[in-house]
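Shown next, in structure tokens, is the structure this report addresses.
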Amino acid sequence: MSRDKFYITTAISYPNGKPHIGHAYELIATDALARFQRLDGKQVFFLTGTDEHGIKMLQTAKREGISPRELADRNSAEFKRMAEALNASNDDFIRTTEERHYASSQAIWKAMAANGDIYKGGYAGWYSVRDEAYYGEEETEVRPDNVRYGPQGTPVEWVEEESYFFRLSAYQDKLIALYESQPDFIGPAERRNEVMSFVKSGLKDLSISRTTFDWGVPVPGDEKHVMYVWVDALTNYITGVGYPDENADDWGFWPADAHIIGKDIVRFHAVYWPAFLMSAGIPLPKRVFGHGFLFNRGEKMSKSVGNVIDPFTMIEHYGLDQVRYFFLREVPFGQDGSYSHEAIVNRTNADLANGLGNLAQRSLSMIAKNCGGVVPQRGTLADEDKAILDQAGAVLAVARKTMAEQGIHLALAAIFGVVAEADRYFAGQAPWALKKSDPARMETVLWTTAEIVRRVALLCQPFIPGSASKLLDLLAVPADSRDFVHVADEYALVPGVALPVPEGVFPRYIDQPDANA
Ligand code: ME8
């Protein structure tokens, strides 16, 4: 039987600098969503990559005295390295300078042109290189420094040149009908409201080519023009699954189930992209989700501002799964979040080291010492045992529902709610006291606790894959018994199965005393 397909993407990042923690955040979150569906039995395609054209790339390369291609090669490699360092499970990594992507971008352009939606004209208006975006004058303002800024707070410049236009104005009603008939098309709700009011305020045709530089995909039939970077950038999502070859193996993944992007680029994904696709006669993605921005103790970071936190350093310092867990649990997905050393240490020590780690370590070391290093006897389950086991089983349904709506933090809150409950259970049952008085009951309590750890570890795999896998190894759970179907009682730990020597999975972070103090 063929499995349901699930296609999820991140934005593709501009490799005009090294990856920063905002990029890492988006990749970690999308990875958790992708892994979740894979473990839940879907056939998943997860795409990420780099967006290598545009004036921003060209200007940075010029400043550094290298070609835009060299700049793209150098930094795209860093983004790939980051994906590996984050243990991202992406199925492909697309670069928009690849041959396949030129073919795809030119094909969608031709399809839009064939539909009568592209015409030649002259553009005169405001452009932000930092956002690679055109803005209406009413969206800009001149600040006291005498510089004109766009709605995202980046400087805009006046552009006047011959340009091809996309008939975006013809799609206003169709877009509004889309948002109304598919209320889930844009999430979260604030983003949907912003897009609705932008579209309702009136759409102008969009300038989609440039002639003053040649770093881009050539416009088919008029090579003096290169495509506006966002036309080719958005097209990556279909290139990645084989467009324009509708017989490609992966084309069955289209339409995408979710584009995960930051809130600053929702307009491109929820307005321009569906309009391009409608024009080209290609089905629309099911959902566009705009996550929030990360701030370092509340301060905005970006490559251009220079306040960049290196994800590699962060992983090295706190540990990969600690970083993954922190961002996914601490920041309500869809809202802005801030991070600091204290917040990372407090959250990961409390939930991972003292929570799940401690529960696993205490129960497994008691089993090693008192039960001959094998899974203890299950015995007859008391009501308390059944209650906590049921809770651990029921959390899968909660996680399914919340993850389907990108409520990553809610899924984790539910899973770690079970850990807290299991902690109380373990303390209340006090198996160490049962050792002499009722060894059979001690075994049942230890079995129940280990089984809870098994269920929780299975559910933790999308979020903290490395550590969850170590926990499952400590419980001797075979590699082919780790999908979500195995959360069920029929796959529970089998008494008598030999367990490896237990070891800690989540080291406690201890602040090093200041060497200069
Ligand atoms: O926008 N916190 O590329 P990009 C959270 N190439 N997310 C952040 C962030 C932060 N501080 N800073 C950036 C682009 N992001 C385009 C996308 S898609 C067809 C083309 C997010 O490198 C940002 O919102 O500026 C975006 O989703 C992604 O990182 C890449 O940003």
Side-chain angles (χ1 to χ4, degrees), residues 8-30 47-57 60 71-72 75-76 78-79 82-83 86 88 93-97 101 104-105 108 128-133 152-154 191 216-217 227-240 256 258-274 276-277 285 288-311 314 327-328 330-339 406 408:
I8 190 164
T9 67
T10 63
I12 48 172
S13 307
Y14 292 123
N16 66 321
K18 291 200 163 79
H20 58 64
I21 203 73
H23 295 124
Y25 174 59
E26 184 171 297
L27 193 59
I28 291 170
T30 311
L47 184 69
T48 188
T50 42
D51 179 3
E52 309 190 355
H53 296 124
I55 317 178
K56 182 149 72 172
M57 285 295 289
T60 309
L71 178 69
N75 285 324
S76 185
E78 287 296 298
F79 278 89
M82 179 180 77
L86 292 174
F93 186 103
I94 189 167
R95 298 184 56 185
T96 55
T97 47
H101 184 65
S104 166
S105 303
I108 195 174
S128 159
V129 172
R130 242 161 59 197
D131 302 346
E132 296 280 16
Q152 313 256 19
T154 59
R191 304 282 92 81
V217 181
M227 292 181 196
Y228 168 41
V229 61
W230 272 100
V231 174
D232 106 64
L234 291 161
T235 304
N236 93 84
Y237 301 129
I238 52 177
T239 308
H259 292 314
I260 307 299
I261 55 163
K263 64 178 185 179
D264 57 327
I265 55 172
V266 171
R267 183 187 294 187
F268 302 95
H269 286 80
V271 182
Y272 302 170
W273 182 225
F276 295 164
L277 290 168
V288 169
F289 187 89
H291 62 71
F293 261 59
L294 287 187
F295 300 92
N296 182 1
R297 290 175 206 270
E299 198 184 315
K300 183 168 171 168
M301 328 164 301
S302 85
K303 283 176 289 219
S304 328
V305 177
N307 172 21
V308 181
I309 303 293
D310 174 23
M314 208 176 210
F327 284 120
L328 298 178
E330 185 86 2
V331 184
F333 199 55
Q335 292 174 32
D336 289 343
S338 111
Y339 62 92
Q406 293 80 34
I408 303 176

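The residues of the chain are indexed from 1 along the displayed sequence. Indexing begins at 1, ligand by ligand and atom by atom, following the structure's order. None of the values given here were measured: they were computed from a predicted structure. Side chains are part of it too, since the values below use all heavy atoms of this structure and drop only hydrogens, waters and symmetry mates.
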Contacting atoms of ligand 1, where contact means under 4.0 angstrom from a heavy atom of [X]:
| X | answer |
| --- | --- |
| S13 | 3 (O), 22 (O), 30 (C) |
| D51 | 6 (N), 16 (C), 20 (C) |
| H23 | 4 (P), 22 (O), 29 (O), 30 (C), 31 (O) |
| H269 | 18 (S), 19 (C) |
| H20 | 9 (C), 12 (N), 13 (C) |
| A233 | 19 (C) |
| L294 | 2 (N), 5 (C), 10 (C), 11 (N) |
| I265 | 1 (O), 17 (C), 26 (C), 27 (O) |

For ligand 1, is any non-hydrogen atom under 4.0 Å from E132's backbone (N, CA, C, O), its side chain (CB onward), both, or neither? neither
Can you tell which part of F268 has a heavy atom less than 4.0 Å from ligand 1: side chain, backbone, both or neither? neither
Using atom types as modelled and distance alone, determine if a side-chain donor or acceptor of Y14 lies under 3.5 Å from a backbone N or O of R130. no
Side-chain donor or acceptor of E132 paired with backbone N/O of V229 under 3.5 Å: no
Could you check whether any side-chain heavy atom of N236 comes within less than 4.5 Å of a side-chain heavy atom of D51, counting everything from C-beta outward? no
Would you indicate whether the side-chain heavy atoms of H101 and R95 approach each other to under 4.5 Å? no
Sorted by chain and number, sequence neighbours left out, ring pair (Phe, Tyr, Trp, His ring centres under 6.0 Å) with F327 holds for Y25, Y339
If I apply the N/O under 3.5 Å rule, does [X] come out as touching ligand 1?
| X | answer |
| --- | --- |
| A11 | no |
| E26 | yes |
| K56 | no |
| L234 | no |

Between CG of D131 and OG1 of T154, what distance do you get to the nearest 0.5 Å? 3.5 Å
When rounded to the nearest 0.5 angstrom, what is the spacing between NE2 in H269 and CZ in R191? 14.5 Å
Using the side chain to side chain contact (heavy atoms under 4.5 Å, CB included) definition, which of the options D232, T97, L71 pairs with E52? T97
Option of least heavy-atom distance to atom 16 (C) of ligand 1 (set: V331, T9, I12): I12
Determine, using heavy atoms of [X] and all atoms of ligand 1, whether some pair is separated by less than 4.0 Å.
| X | answer |
| --- | --- |
| G292 | yes |
| F295 | no |
| Y237 | yes |

Please identify each residue that fulfils side chain to side chain donor-acceptor pair (under 3.5 Å) with H259, with sequence neighbours left out. T9, W273
Hey, mind stepping through Y272 and V231 against side chain to side chain contact (heavy atoms under 4.5 Å, CB included) and telling me if it holds? CA-CA 9 Å; Y272 302 170; V231 174; over 6 Å; no
Verify whether one side chain among T10 and T30 offers a donor that lies under 3.5 Å from an acceptor in the other. no
